[in-house]
Protein chains: 2
Amino acid sequence: MDVTESTVSPSSDCRRVSQVLSRIGDKWSVLVIMLLHRGPHRFSALKRSIGGISQRMLTLTLRNLERDGLVSRTVTPSIPPRVDYELTEMGRSLAEPVKALGAWAFQHLDAIGAAQTRYDGQADP
Amino acid sequence: MDVTESTVSPSSDCRRVSQVLSRIGDKWSVLVIMLLHRGPHRFSALKRSIGGISQRMLTLTLRNLERDGLVSRTVTPSIPPRVDYELTEMGRSLAEPVKALGAWAFQHLDAIGAAQTRYDGQADP
DNA sequence: CCGTATCCGGTGCGATACTG
DNA sequence: CAGTATCGCACCGGATACGG
């Protein structure tokens, strides 16, 4: 199905799309996805790689991603226990557009910064 | 510069990228961008097209996008006043990766929905 | 090691009312 | 028409402590 044209989404779909996008919009999901895109990671490896995330938010983020079918969670019941997270096929396919967006953001970092300073400069002082 | 590989972003850039992505993550920005991608719109036209947005959030969203240099705001001082919003060049370039993401979301709506039901089904009841 | 439970401050966002 | 101002709540997310 071609989404780029002809499909004027009915409002219900529109809201559902927004919900999906809000997932990638929350604070940590994108970081987690990008890390997992390099391969499977353990919980603590993710926690270490992402500086400044609380374990609460990491578990919540991973739960949501798992619920959406984007990451898989495999428990190895040893002592101490070991849990590995990995992108599913769908998760890997999501990584592509996300990477494109990340690349765009990176390329326009300074342009955006300049625009902000310009905007703030003519109002604040 | 090639972002897709070899560039292990230093943490400062990483946070700035996250900030940019948080813009597209907030509730209305993407909708506004997609609407403006079809051409310039007046304030009230945007408000009408997006069902359920308060005028407060519309102004805030537009202000932020303007501050980032993504949309331009042109005032026609008539009575009643008229304000048109339009994507800048940078805004149009952002629309492309955003459309890709939107297309992905649309394509995977049912897969995600199914995954969620499956996940909820084996835990809740 | 991997989580869950609880508390609590910051803020995103809607509702409403008022200006130019 | 296109905003700004104010209030109020819900909820996100950090800190901390505890359990398997």
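At whole-Å resolution of the value, CG in B/Asp26 and P in D/dC12 are 15 Å apart. Across the protein-nucleic acid pair, A/Lys27 atom NZ and D/dG13 atom C1' stand 7 Å apart, rounded to whole Å. Atom pair B/Leu46:CG and D/dC1:P shows a separation of 14 Å (rounding to whole Å applied). The distance from atom CD1 of B/Ile79 to atom C1' of D/dG3 is 15 Å, rounded to the nearest whole Å. The nearest whole Å value for the distance from the NE2 atom in B/His41 to the P atom in D/dC1 is 16 Å.
Here the CG-OG distance, from B/Leu21 to A/Ser29, works out to 11.5 Å after rounding to the nearest 0.5 Å. Rounding to the nearest 0.5 Å places OG1 of A/Thr61 at 12.5 Å from CD of A/Glu66. With values rounded to the nearest 0.5 angstrom, A/Ile112 atom CD1 is found 9.0 Å from B/Arg16 atom CZ.
The span of DNA chain C lying next to chain A, judged by atoms under 4.0 Å from heavy atoms, is bounded 5' to 3' by C/dC1 to C/dT6.
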Under the side chain to side chain contact (heavy atoms under 4.5 Å, CB included) rule, what do A/Arg73 and A/Phe43 come out as? Steps first, then yes or no, please. CA-CA 10 Å; A/Arg73 176 174 182 268; A/Phe43 184 89; over 6 Å; no
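No donor-acceptor pair under 3.5 Å is formed between the side chain of B/Ser22 and the backbone N or O of B/Gly25. Judged by distance alone, with hydrogens and angles left aside, the side-chain atoms of A/His41 form a donor-acceptor pair with the main-chain N or O of A/Gly39 at under 3.5 Å.
Minimum atom distance to the side chain of B/Gln55 is reached by D/dT4, of the listed D/dA2, D/dG20, D/dT4.
For the segment residues 56-69 of chain A, the set of residues with a heavy atom within less than 4.0 Å of an atom of DNA chain D comprises A/Arg56, A/Met57, in numerical order.
Residue A/Tyr85 comes nearest to A/Arg63 through the heavy atom pair OH-NH1, 3.5 Å, listed as atom of the first residue, atom of the second, then distance.
No continuous path of hydrophobic side-chain contacts links B/Val83 to B/Ile79 [ILVMFWY only; heavy atoms under 4.5 Å].
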